[in-house]
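Just so it is clear, the model here is predicted, and its values are computed rather than measured.
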Amino acid sequence: MTEDLSAVANFLYEAGTLKHTARTGWWMAGVRQPETVAEHSWRTALIATIIAKLEGADPARAAFLAVWHDTGETRTGDVNHLGKKYTAGEADPRDITADQVAGMPGVLAEALTELVAEYEAKDSPEAICARDADKLECMIQGIEYKAQGYENAQRWIDNSRGRIVTKAGNALADAVLKTGSLDWLRSALSEKQG
């Protein structure tokens, strides 16, 4: 390979900042040390795979969209919904991605720009599955925070649940709501479900 990959290297360091970028909406629920954007994106990608498979969409593509869906937050931070009310002209993730991939090899820059555009357009089955995964992950995180004593997380649980649109996403959300956050551990240890 003879192309200059320094812009790609720079982006990889930039992407690492998401491991330290808190999901700020949780502060309003009283969560002192909320999950990071990277943690959220990881589980969102897993969920997108599951929803897409159940929906008959491409699971790999849905996961790919989900893992990239918040990469623009390296430049903006995680601006919660209240903060967006006061942000003059919310930044378009497609514009942020265009800046992030500037200088990358053309084939890579084009692929990443198209990927974020697909997610934002909300019109491919995989994008719809990835977006549902984003909402379901937030709902699950809310349930986990509520189990830790953060009662105000119920607002995030309810809002996220109400925004899921796919049949598989809705069925999975119903199953999650009926399952305790530690039922997986009880099952793995062959303990009685309580």
Salt bridge (charged side-chain N to carboxylate O under 4.0 Å, His left out) pairs, two or more places apart, involving residues 142-154: Arg43-Glu144
Run the numbers on Arg186 and Asp183 for salt bridge (charged side-chain N to carboxylate O under 4.0 Å, His left out), then give the verdict. CA-CA 5 Å; Arg186 288 181 193 95; Asp183 284 355; 3.0 Å; yes
Would a 4.5 Å heavy-atom cut-off, applied to side chains only, mark [X] and [Y] as touching?
X: Asn159; Y: Met139; answer: no
X: Leu136; Y: Ile51; answer: yes
X: Ile157; Y: Leu177; answer: yes
X: His69; Y: Asp134; answer: yes
X: Trp156; Y: Trp26; answer: yes
X: Met104; Y: Leu112; answer: yes
X: Glu39; Y: Lys19; answer: no

What's the spacing between Thr179 OG1 and Trp184 CH2 if we round to 0.5 Å? 13.5 Å
Pairwise distance OG1(Thr166) to CD1(Ile164) - rounded to 0.5 angstrom: 7.5 Å
Could you pull out the closest heavy-atom pair between [X] and [Y], with the gap in Å?
X: Val67; Y: Ser41; result: O-CB, 4.2 Å
X: Thr113; Y: Thr97; result: CA-CG2, 4.0 Å
X: Val8; Y: Leu108; result: CG2-CD2, 3.5 Å
X: Cys129; Y: Ala57; result: SG-CB, 4.2 Å
X: Lys135; Y: Ser160; result: O-CB, 3.3 Å
X: Thr76; Y: Ala91; result: CG2-CB, 4.2 Å

Verify whether one side chain among [X] and [Y] offers a donor that lies under 3.5 Å from an acceptor in the other.
X: Thr21; Y: Asp78; value: no
X: His40; Y: Gln141; value: no
X: Arg161; Y: Asn170; value: yes

Contacts of Glu14 meeting side chain to side chain donor-acceptor pair (under 3.5 Å) (sequence neighbours excluded), chain-then-number -> Thr74, Arg75, Gln100
Only one of Phe11, Trp42, Tyr119 passes ring-ring contact (aromatic ring centres under 6.0 Å, His included) with Trp68; say which it is. Phe11
